[in-house]
Protein chains: 2
Amino acid sequence: MAKRRGQDAAETDRRMRAAALRLFARHGYAAVSMRRIAAEVGVQAGALYTHTPDKQTLLFSLMADHLHELLDAVGALPADATPEARLDRFVDFHIRFHLARPDAVFIAYMELRNLAPDNFRAIEGLRRDYEAWPEAILRDGAAAGAFAVPDPKIAAVGLIAMLNGVTTWYREGGRLSLDDVVAIHQRMARGAVGAGGA
Amino acid sequence: MAKRRGQDAAETDRRMRAAALRLFARHGYAAVSMRRIAAEVGVQAGALYTHTPDKQTLLFSLMADHLHELLDAVGALPADATPEARLDRFVDFHIRFHLARPDAVFIAYMELRNLAPDNFRAIEGLRRDYEAWPEAILRDGAAAGAFAVPDPKIAAVGLIAMLNGVTTWYREGGRLSLDDVVAIHQRMARGAVGAGGA
DNA sequence: GTCTATATACCGATAGAC
DNA sequence: GTCTATCGGTATATAGAC
């Protein structure tokens, strides 16, 4: 019952999305043609339109899938007793999750300007949903007197920005191990929010 | 002696660069055509080639000018007595400089992948030159015992990433004044590097 | 589901007139 | 310095055959 090569819809769809993710991240949405994605998949350009209505929807779908995966994952984090432990776990999670998906991260933060207005609003909403998680950690920690954070919203965005910086330079096998990088950023994060026991 | 409208080379050049900066930032290098830039300037597309050899050189020149301006400005900062004061001044400088040039910042960090290899190396070199400034502040502060920074290079990159985050959300007339934003980030920066007197 | 072929439009860059 | 006109090439998306 094996399907003929290149005729399995699910498989072609998977390959199209993988190729688009890689190429959009590497060269930018506007610079990548449907022909080039098709060549990577091993089909002609017209065949892609069986799997996506158009290029714009393909971009949106890649970004939305990434953010839904991120939201599912952050929502599944185990509970922690102390604000410091919650913060440490978030830093650990955020760095590892994003380093494991460099292409999706790049696209989700860099191709916002290439989204149609409706799609843009949808993605921005998902991003704000994610930012609410660290914001809650900081707000709760401040309320409990564990953190000194004058503005939890800004601190949360600043924290995420700092952690995202890692994706621009970290390479496996470099000077620092992933554990080192996480530990360094947990320390900086605790300091930035004025955690006493840092 | 007034030049005829649209015939002054320096003026057309200035307008071309301003239009390209704005359009590249808004829509991305690959998505902006020379025809569109020309329309913004008020000339035909062919006329732009009097002012730049090609589109790629135009992008490179915008990025290089921005980074040279940044390097000149950071190099001209007044000296400060204490590590904390140096850090505070850098944070203040970085935020204000970048918020005043949102388009150039966006391009300098987002269009690296659209640079030809030689141009990429040149821009990356300038960016590293800039990162050396906060790195020196953190290294000196750590050596003096004022900061607790296990890795000044990573801390410097993380600091810059956190500060750059401001450009993605700050809008004049919003909830916080620029002074507020600077003060909040100075406080977070001091905390992140373990400054005792934070 | 994928192919070939194509409609329609835009691209970067250049040539030569003024 | 800018114009008009154009070369050669590519783009997204669709139609109809298989």
Side-chain angles (χ1 to χ4, degrees), chain A residues 1-21 23-24 26-63 107 111 113-119, chain B residues 1-21 23-24 26-63 107 111 113-119:
Chain A
M1 284 300 283
K3 304 278 178 30
R4 296 218 318 280
R5 197 154 91 102
Q7 307 263 350
D8 179 337
E11 172 67 6
T12 301
D13 188 76
R14 193 191 61 74
R15 289 164 62 89
M16 175 188 73
R17 299 170 65 78
L21 192 75
L23 290 171
F24 287 167
R26 200 90 88 236
H27 308 286
Y29 171 76
V32 174
S33 66
M34 294 297 272
R35 279 172 175 76
R36 192 158 169 193
I37 297 170
E40 194 105 341
V41 175
V43 297
Q44 293 301 312
L48 295 182
Y49 290 85
T50 304
H51 306 281
T52 181
D54 50 42
K55 190 185 173 189
Q56 165 71 206
T57 303
L58 176 55
L59 171 65
F60 172 71
S61 149
L62 292 174
M63 295 173 70
I107 290 171
E111 300 293 357
R113 63 190 171 184
N114 284 310
L115 287 175
D118 284 358
N119 291 340
Chain B
M1 285 297 286
K3 303 279 179 30
R4 295 219 319 281
R5 199 153 90 103
Q7 307 263 351
D8 180 336
E11 174 66 8
T12 301
D13 187 77
R14 192 191 63 74
R15 289 165 61 89
M16 175 188 73
R17 300 170 65 80
L21 193 75
L23 290 171
F24 288 167
R26 198 90 87 238
H27 307 286
Y29 171 77
V32 174
S33 66
M34 293 296 274
R35 279 171 176 78
R36 192 158 169 193
I37 297 171
E40 194 105 341
V41 175
V43 298
Q44 293 302 310
L48 296 182
Y49 290 86
T50 304
H51 306 281
T52 180
D54 49 43
K55 191 185 173 189
Q56 165 71 205
T57 304
L58 176 55
L59 172 63
F60 172 71
S61 148
L62 292 175
M63 295 173 71
I107 291 172
E111 298 294 357
R113 62 190 173 184
N114 284 310
L115 288 175
D118 283 358
N119 290 341

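Every chain is numbered from 1, with letters handed out A, B, ... down the list of sequences.
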* To do: Could you tell me whether Val41(B) contacts a base, only the sugar-phosphate backbone, or nothing, with contacts defined as non-hydrogen atoms closer than 4.0 Å?
  => nothing

* Check whether any side-chain N or O of Tyr29(A) sits under 3.5 Å from a backbone N or O of Gln56(A) as a donor-acceptor pair, and report yes or no. => yes

* Asked: Rounded to whole angstrom units, what separation is found between the CG atom of Leu48(B) and the P atom of dT2(D)?
  -> 9 Å

* **Any side-chain heavy-atom pair of Met16(A) and Asp13(A) under 4.5 Å** => yes

* Structure fact -> B/S/- along nucleotides 13-18 of chain C (protein heavy atoms under 4.0 Å) is BB----

* To do: Taking only the side-chain nitrogens and oxygens of Thr12(A), find out if one of them lies under 4.0 Å from OP1 or OP2 of dT2(C).
  => yes

* To do: Go through the structure and list residues passing side-chain contact (heavy atoms from CB on, under 4.5 Å) with Thr50(A), not counting sequence neighbours.
  => none

* Which of the following nucleotides, dC3(D), dT2(D), dT2(C), is nearest to the side chain of Thr50(A)? -> dT2(C)

* To do: May I have the distance from Ile37(A) (atom CD1) to dT10(D) (atom P), rounded to whole angstrom?
  => 17 Å

* Does the salt bridge (charged side-chain N to carboxylate O under 4.0 Å, His left out) test come out yes or no for Glu111(B) and Lys55(B), once each step is laid out? -> CA-CA 13 Å; Glu111(B) 298 294 357; Lys55(B) 191 185 173 189; over 6 Å; no

* Identify the residue among Thr52(B), Leu62(B), Asn119(B) that makes a side-chain contact (heavy atoms from CB on, under 4.5 Å) with Thr57(B). => Thr52(B)

* Are the side chain of Arg15(A) and the backbone N or O of Val41(A) linked by a donor-acceptor pair below 3.5 Å? -> yes

* Asked: What is the distance, rounded to the nearest whole Å, between atom CZ of Arg36(B) and atom C1' of dC11(C)?
  -> 14 Å

* **Proximity to the side chain of Gln44(B) - top-ranked nucleotide from dG12(C), dT4(D), dT2(D)** => dT4(D)

* For the side chain of Ala9(B), counting heavy atoms from C-beta on, which of dC3(C), dG1(D), dC11(C) is nearest? -> dG1(D)

* Structure fact -> Rounded to whole Å, the CG-C1' distance (Asp13(A) to dT2(C)) equals 15 Å

